[in-house]
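Keep in mind that what you see is a predicted model, and the values were worked out from it rather than measured. Below, chains carry the letters A, B, ... as their sequence lines are ordered, and counting in each starts from 1.
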Protein chains: 2
Amino acid sequence: MKIGYLGPPGSYSYEVACQYAAETAGAAECIAMPSFSSIIEGVEQGQLDTGIIPIENSTHGAVASVMDLLANLRQSSVCGEMVLAIEHCLLSQGTSIESIKHVFSHEQALEQCRGFFSSQHPHMELIPCSSTSQACEMAQKYGNAYGAVASRAAAQLYDLAVAAQNIQDNAFNQTRFLVIAVTKTKPTGRDKTSIVFAFPDDCPGSLFNVLKSFASRNINLTRVESRPAKHIMGKYIFYIDFSGHVDEQICIAALAEISEQVCWLKVLGSYPIDSRRMGR
Amino acid sequence: MKIGYLGPPGSYSYEVACQYAAETAGAAECIAMPSFSSIIEGVEQGQLDTGIIPIENSTHGAVASVMDLLANLRQSSVCGEMVLAIEHCLLSQGTSIESIKHVFSHEQALEQCRGFFSSQHPHMELIPCSSTSQACEMAQKYGNAYGAVASRAAAQLYDLAVAAQNIQDNAFNQTRFLVIAVTKTKPTGRDKTSIVFAFPDDCPGSLFNVLKSFASRNINLTRVESRPAKHIMGKYIFYIDFSGHVDEQICIAALAEISEQVCWLKVLGSYPIDSRRMGR
């Protein structure tokens, strides 16, 4: 099995891909991909069996570019979720934190540690780059004055020292990843379904009517997000995650009702709930 | 009047601040601030009369860090909105686009032009930095091989040439800015109100019940957004913009009903709708 993740190795996506590989029966190979869109393309065109992509972080929120990619899935769908506890470390070649003047990392990781830097190291310059593992490469390349925000696992992989650990502002920091594949997942009795839809017109009560189709059946919504429709300011498409599997009668009935109220509805997939998301 | 915006000069925020200054009676001074939080602090502590902050872009969506800051407003509130048409240009010192190897800009601006670069200039390296105007400073400093994605106005300010214009992937690209001040805005008959709220528990139908308070009064919602509550994965706070002013009876009644269903409700402000948001 070929599992695609956002490379280079050492990123949090890499950790999740390794974990997914370990939980999978048979031989599995983790393949570093250059972008989220290349992961999805790889799955759709058959070079990859599975893709691992981050969808939301408990501090920073939705990964906007991934949300937009999901709306355009063709053959593939969401067949699983995995939640990873994120513990950011400040890594560098030297052992002294005082020598670090510039810190690289993915913008989301820097955001999640903003309080640590502004209160304890206000003079360090924070420089966004494409991934936490790219940040490690830069810290490795440029020497003592450069640091990277990344995982403890990345420190080992890039031969860097841990100058400070658990530096994220929220002690509780998790990222939820989706597993993308062309196969569908059968009901397990403890599933979640993700959908995306748009309304034909901006009329009062349109979102209300969709939520009514869920509320009247006592179906719990676990997530409601909006994204811009892109062709006009003030028009949105909506993403909803709800408890249940798309093969269950109650969900079939709710979706049938909703499809009459919207101009576009796509079921992104039904998949088992990762119970690690249930809190501390 | 002192108007704070995200500096340095030449950013899109700068353009909006200048426009706001031009529309304001009396002398107005635009002041470059280092961050969104410093703009809000400046307004709350009286060094600034007004702050201009971007809240959403029609292609890229919500500005997450600003959403989070709004939830923590104390004395200040939203007293206006301004919509700016965004036309990105590729700027550099040289006149030849072929010499550009690396392109700086704010991450959102790079995102909005991703298709242009991947289809027409796949070999240019895209490097995120803190603002479009910082990108211009870098392009100015490092020479011909470096470009910046910024506005035409920024080209003049930083003495750069326009190597390509209107390079954003969506011809229609607008950013909505909020005007923050400690004063409140009186009803004009064509207003919008922004609120943020949280639920005590994750129970089916909670968001549905809030939307019902609007739908039953025929109050149109112009925006529904969620942001993570940050202490646990899968818990959110919600932002809603609706038509109407908080001083109008119908809105007072809706908010009174909602306040009984939520554990936290904050009115961020009521303000006149900027009619430029109504489409092309």
Side-chain angles (χ1 to χ4, degrees), chain A residues 37 56-62 64-65 67-68 83 107 111 114 126-130 169-176 202-209 211-212 214-236 238 241 243 276-280, chain B residues 56-62 64-65 67-68 83 107 111 114 118 126-130 169-176 202-209 211-212 214-236 238 241 243 276-280:
Chain A
S37 58
E56 62 173 331
N57 172 268
S58 58
T59 302
H60 197 74
S65 59
M67 301 283 289
D68 291 348
V83 178
E107 199 201 19
E111 274 298 321
R114 197 159 284 283
L126 306 182
I127 309 170
C129 63
S130 70
D169 299 335
N170 275 278
F172 181 86
N173 189 5
Q174 292 187 330
T175 296
R176 189 162 71 96
D202 199 25
C203 62
S206 47
L207 183 61
F208 166 75
N209 285 324
L211 298 200
K212 192 176 179 178
F214 292 113
S216 65
R217 291 173 177 86
N218 227 27
I219 297 174
N220 196 18
L221 307 185
T222 58
R223 187 173 183 230
V224 178
E225 288 274 348
S226 64
R227 288 285 305 147
K230 298 193 192 295
H231 59 284
I232 186 168
M233 173 68 85
K235 283 284 219 173
Y236 304 92
F238 292 91
D241 288 358
S243 302
R276 284 165 287 194
R277 72 183 295 279
M278 288 295 129
R280 296 167 194 256
Chain B
E56 63 172 330
N57 173 268
S58 58
T59 303
H60 197 74
S65 59
M67 301 282 287
D68 290 349
V83 178
E107 200 202 19
E111 274 299 321
R114 196 159 285 283
S118 65
L126 306 183
I127 310 171
C129 64
S130 68
D169 299 335
N170 274 279
F172 181 86
N173 190 5
Q174 292 186 330
T175 296
R176 189 164 71 97
D202 199 24
C203 63
S206 47
L207 183 60
F208 167 74
N209 284 325
L211 297 200
K212 191 175 179 180
F214 291 113
S216 66
R217 291 173 178 85
N218 226 27
I219 297 174
N220 196 18
L221 308 185
T222 58
R223 188 174 182 231
V224 179
E225 287 275 349
S226 64
R227 289 286 305 147
K230 298 192 190 294
H231 60 283
I232 186 169
M233 174 67 84
K235 284 284 220 173
Y236 304 92
F238 292 91
D241 289 357
S243 301
R276 284 164 287 193
R277 75 184 292 280
M278 288 296 130
R280 294 167 195 250

Residue part contacting chain A, namely of B:Asn57, when any heavy atom lies under 4.5 Å: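 Backbone of B:Asn57 only, per the 4.5 Å heavy-atom cut-off to chain A.
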Identify which part of B:Ser243 has an atom lying under 4.5 Å from any heavy atom of chain A, answering side chain, backbone, both or neither.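 For B:Ser243, neither part sits under 4.5 Å from chain A.
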Side chain B:Ser226, main chain A:Val224, donor-acceptor under 3.5 Å: yes
Ignoring hydrogens, what is the shortest heavy-atom contact between [X] and [Y]? Give both atom names and the distance.
{"X": "A:Ser58", "Y": "B:Pro228", "value": "O-CB, 3.2 Å"}
{"X": "A:Arg227", "Y": "B:His60", "value": "NH1-O, 2.8 Å"}
{"X": "A:Ser65", "Y": "B:Glu111", "value": "CB-OE1, 4.4 Å"}

Distance col, row A:Lys230:NZ vs B:Phe172:CZ, nearest 0.5 angstrom, shows 12.5 Å
Between B:Phe208 and A:Phe208, does the ring centre distance come in under 6.0 Å?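 Yes, they do, as the ring centres are separated by less than 6.0 Å.
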Checking heavy atoms, do the side chain of A:Arg223, its backbone, both or neither come under 4.5 Å from chain B? both
Just give me the residue among A:Leu126, A:Asn170, A:Asp68 that pairs up with chain B most often, heavy atom to heavy atom, under 4.5 Å.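 Top option by heavy-atom pairs under 4.5 Å: A:Asn170.
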